[in-house]
Structures are given as C-alpha cells and as structure tokens.
Protein chains: 2
Amino acid sequence: MTLQALIIEDDLAVQSFLQTLLQSQNFHLQSTGSGQTGLQILSSQTFDLVLLDLGLADLDGQQVLQQLRQWTAVPVIVISARGKEQDKIQALDAGANDYITKPFSAGELLARIRAALRQHQGTVQTLQFGNVLIDPVQRQISKGGVPLHLTKTEYDILMLLLRHAGNVLTHNQILRQVWGEMYQGRPEYVRVHVATLRQKIEDNPATPQFIKTEAGVGYRFNSQ
Amino acid sequence: MTLQALIIEDDLAVQSFLQTLLQSQNFHLQSTGSGQTGLQILSSQTFDLVLLDLGLADLDGQQVLQQLRQWTAVPVIVISARGKEQDKIQALDAGANDYITKPFSAGELLARIRAALRQHQGTVQTLQFGNVLIDPVQRQISKGGVPLHLTKTEYDILMLLLRHAGNVLTHNQILRQVWGEMYQGRPEYVRVHVATLRQKIEDNPATPQFIKTEAGVGYRFNSQ
DNA sequence: CAAAAATCTTAATACAATCTTGATAACCCC
DNA sequence: GGGGTTATCAAGATTGTATTAAGATTTTTG
C-alpha cells in the first residue's frame, strides 16, 4: 500500500526537493503551489499526509490549515521560513501536527513524517471489527475464524473505508482511489461493490453495522 | 478534568521552569531526575503527557523512550540540548511524539503539548453549543451524548450558520450556498429545513435558543 | 492457447430517504 | 386587527439506494 501525500508549496525549488525526498520513500504524490487549489484537491481526495508551506502567495497557509481542519484529520506538517514563536503557536493551534523551520535536514523531516504517520494510524486504524479480522500483510480476511475471499475491488474499498474509519467518504472519493480519476460521477459502481462487500462482512447485510450509508453523501465505516 | 503529566529532567532549573509552566495550565504534575525512577513511575500510574530530557545522568533518554514504548502510547515530548539531526531522528523513531531543542520558548512548548494531546486523543476540533456536539471531521453530531442524524441539507445549513455564528444570513445567501444559484427567491425551502433542523438540535424547537429568526431578513446562529 | 472461472460493468427493479409543495395556523409589528 | 412574515405539517414528487442478474471482460487454469 503506497501512501498518498499532498505538497502545498509555492517555492518550486523546495517543492521539487520535497518531491524527490518523498518519492524515494515510495509516496504517491500530488503538488500544488496554490492554497486554493490545495483545498480543492483535499476536498475531493483523501490523503495520508499533507506538507504545507505557510508562505503561500494566494492564501495564507494559516487559513488553509483552518479550512482543511473543518473536515479532515489528515496529518499536516507545516514547513515555514518563519521561525517566530507566534507563527508556530498559531499553526499548531490551528491543527498542524508538527512545525518545521527552513532550513531543515532531509533526515529530520522524514523522521517527523514517520512520527506523524505513526501517531495518526495508532489512533485510527483498526484491523479488527466485530468478528472480522484482517491481516493486511497476507491480504487475508476472516470472519468468525472462517477465511473469506474478497475481490481486489472489495478489499480496496474496505481498506480505504477502514483507513478513514468514522469519516464519511463520498462516492467520488472512493471512485478516485479505487477505480481512478476517470470514473468520477459513477456512484453505481460503488453501490454494487459495497453491496457485495456487505454480503461478506456484515452479520446482517440488510441492516449493516459496519459500513453505514450516508444518503446523498457517501459511506462511512462505523468504528463503534 | 485535570491532566496528569510526568517530567523526567535532571537539570533542576529546567525542571522547576517546566513545573511552573505546566502548573499554570492546570496540569497535575510529578517530576523525577532519574530515568530509572521515571520508568517505575510510568509503570505504576497512567499519564496524559510525558516530558523527557534526553540528557539524563543514569540512563540515556533514548533508552527510557524505547522501554516505555513497549507498553504505553502516552504522548512523549522530548526536550534536548542536543540539536543534532541524528539525535532527533533517533528519538522520533524510538516513538517520541515531538522533539524540541533547548532553548525553547514557553509558548511554543505549550502549543506543541496541545498538538500532541489533540492527536493522541484523536480529538478533532469539535464545535459545541448547548449540549450539542459537532465533529466536523467525522460529520457527526450528538445531543446530550446521543448521536443524531441530520440529512445533507440540514447539515449544510447548520455548518453554514455556524461558520457565520453571530451574523445574520439572508435567505438568499443560504439558498445560494446550500442549494445553488438557481434557487434564489425561494425562502420557503430554507424555512422548512430550518424547522426540521430545530426539531433536532433545539431543546425547545418552538422557542429556539440557537437558530434565531430575523424577520424579513433571514437567520442568525446565536453564539451565546 | 483455449476453456473455465472469477470478476466487473451495466441496466432494471423495488424500496427508502429526502425534498418540494401547498395548505393552514401562528406570530409580530405597525 | 390586518398585512406581511414565519412555523409546521404531511402528501406527493423526486432523488438516492439496495439488490439482482445477465452479459462483458479479465484472470486463472489445464
């Protein structure tokens, strides 16, 4: 499983440095120099990590942070040329997970990224729910001790929902991550496969306990 | 609710500085200058936060970190005089949540503590009014601890009003943001959905405390 | 390489949630 | 009290969802 990262940074030199660095760690990347665009991307896709420069041209990084925290808990590491105490406090209180000042070393940034991912996954990711057990290494799932077979699509949907357990994922977010960009606007794909998935993992597929429907929005994995 | 913090720091001047700082934030404190003792305390009590100096006399802070991470996920912020990259990477990879180098400012430390606590609790920015709690990240609402279900339209209206809490939003402003441009001049849409929303979130829907009507203008969310 | 199996796509249907609409009653300010 | 505004309700319309199955496609197997 490759992790998705978004880089919001308008200094192209730094952007390309970050890209090289993260690519070497097998991140799947997207980059933008604009805060507005960054927010748009974040609202339509899910990410495992965001690197955010505070000094953007169009929109203050601080505002980007405040906005995105209204709907996502994705780990955000703020990168900034400003080392002033007030900037750090503001960013951290606006929901940044960490704050690192330019110039920084590649090793330290990577270590802080690992720490942020670890903390985030520790709180969210569960590989067990009800009597269903998931072994992500073996890609193996069992229910009540009985192994079950999920197709690739079903497995991808389940892991995506699980990775964002508790949150609603829109049809388009699911489509983008599981099928790809060009499937936007085809919610019926998601419905059919969520139905088959429920048949396999729910005790009573007609009244699902785990994969909940949010009418008009999408699906949510119920972490309770 | 007072939070429990443990300070492991052998420089008494720094220790007393940290104590004063955390006490001012209503932390309940315990301190030790020894790594061994620190581990013992941690094994017999639960804490919400650990501040750990790397440069201890008896046991390397690094070792303390490795040991305690074998059984607890308590947020640990490492405080160190060593600013070397290798030290930071080691500590973060050994399970530190954050790493801050002396000298540091009180404000920054407190902000990093808040960030660490927030991440650990999986806590997101929750909005609250009366006994209604909103988790905008999970798109989840509860009233008096009981989860309640809002339709997409109701949720959108509520978030819009909340975003502009205290200000009046005209019918047309609400229509534009929730329904779209072509619904201008249909205040009855807003009325019906505000009514159902009040039924769900107000203690007494007939005399609303939160969503106030501004006759002839629109609605206002009462932030008091 | 061809046959078989598995999986996905698509469309159709039944069903459920939500919204729209209009009617009626209540409110409120002059 | 009257005109304008608002609240409430519920039936009907609309939109969104679950489920099924047939055919298309891909993958696996012999």
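Below, chains carry the letters A, B, ... as their sequence lines are ordered, and counting in each starts from 1.
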Distance test, side-chain N/O of [X] to OP1/OP2 of [N], below 4.0 Å:
{"X": "A:W179", "N": "C:dC8", "answer": "no"}
{"X": "A:Y219", "N": "D:dA18", "answer": "yes"}
{"X": "A:H149", "N": "C:dT7", "answer": "yes"}
{"X": "B:R186", "N": "C:dT20", "answer": "no"}
{"X": "A:T213", "N": "D:dA18", "answer": "yes"}
{"X": "B:R198", "N": "D:dA7", "answer": "yes"}
{"X": "B:H193", "N": "C:dT18", "answer": "no"}
{"X": "B:T151", "N": "C:dT18", "answer": "no"}

Above 12 or not: heavy atoms from other molecules or residues under 6.0 Å from NZ of A:K212?
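Enclosed: over 12 neighbouring heavy atoms sit under 6.0 Å from NZ of A:K212.
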
So [X], base contact, sugar-phosphate only, or nothing? Heavy-atom distance under 4.0 Å.
{"X": "A:V194", "value": "nothing"}
{"X": "A:E214", "value": "sugar-phosphate"}
{"X": "A:T153", "value": "sugar-phosphate"}

Salt-bridge contact B:K200-B:E154 (side-chain N to carboxylate O under 4.0 Å):
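So B:K200 pairs with B:E154 through a salt bridge.
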
Are any of the side-chain heavy atoms of A:Q119 and B:N97 separated by less than 4.5 Å?
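Heavy-atom side-chain distance check passes, below 4.5 Å.
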
Under the criterion salt bridge (charged side-chain N to carboxylate O under 4.0 Å, His left out), which of B:R118, B:R114, B:R112 is the partner of B:D98?
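So the option named by the test is B:R112.
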
Can you tell me how far [atom2] of [N] sits from [atom1] of [X], to the nearest Å?
{"X": "A:R191", "N": "C:dA11", "atom1": "CZ", "atom2": "C1'", "value": "14 Å"}
{"X": "A:Q199", "N": "D:dT19", "atom1": "CD", "atom2": "C1'", "value": "8 Å"}
{"X": "B:I157", "N": "D:dA7", "atom1": "CD1", "atom2": "P", "value": "12 Å"}
{"X": "B:K152", "N": "C:dT20", "atom1": "NZ", "atom2": "C1'", "value": "17 Å"}
{"X": "B:L175", "N": "C:dC19", "atom1": "CG", "atom2": "P", "value": "14 Å"}
{"X": "B:Y183", "N": "C:dT21", "atom1": "OH", "atom2": "C1'", "value": "13 Å"}
{"X": "B:L197", "N": "D:dC9", "atom1": "CG", "atom2": "C1'", "value": "17 Å"}
{"X": "B:L150", "N": "C:dA17", "atom1": "CG", "atom2": "C1'", "value": "14 Å"}

Is a side-chain N or O of B:R69 found less than 3.5 angstrom from the main chain of B:G95, in a donor-acceptor match?
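Yes, because the side chain of B:R69 sits within donor-acceptor range (under 3.5 Å) of the backbone of B:G95.
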
Checking B:Y189 against B:H171 for the ring pair (Phe, Tyr, Trp, His ring centres under 6.0 Å) test, could you report, in this order, the C-alpha distance in whole Å, the side-chain angles of both residues, the deciding distance, and whether it holds?
CA-CA 9 Å; B:Y189 282 39; B:H171 299 117; over 10 Å; no

Starting the side chain at C-beta, find the nucleotide from [options] nearest to [X].
{"X": "A:Y189", "options": "D:dT6, C:dT10, D:dT19", "result": "C:dT10"}
{"X": "A:A215", "options": "D:dT17, D:dT5, C:dT20", "result": "D:dT17"}
{"X": "B:E188", "options": "C:dT20, D:dT17, C:dT21", "result": "C:dT21"}
{"X": "A:V192", "options": "D:dA21, D:dT6, D:dT17", "result": "D:dA21"}

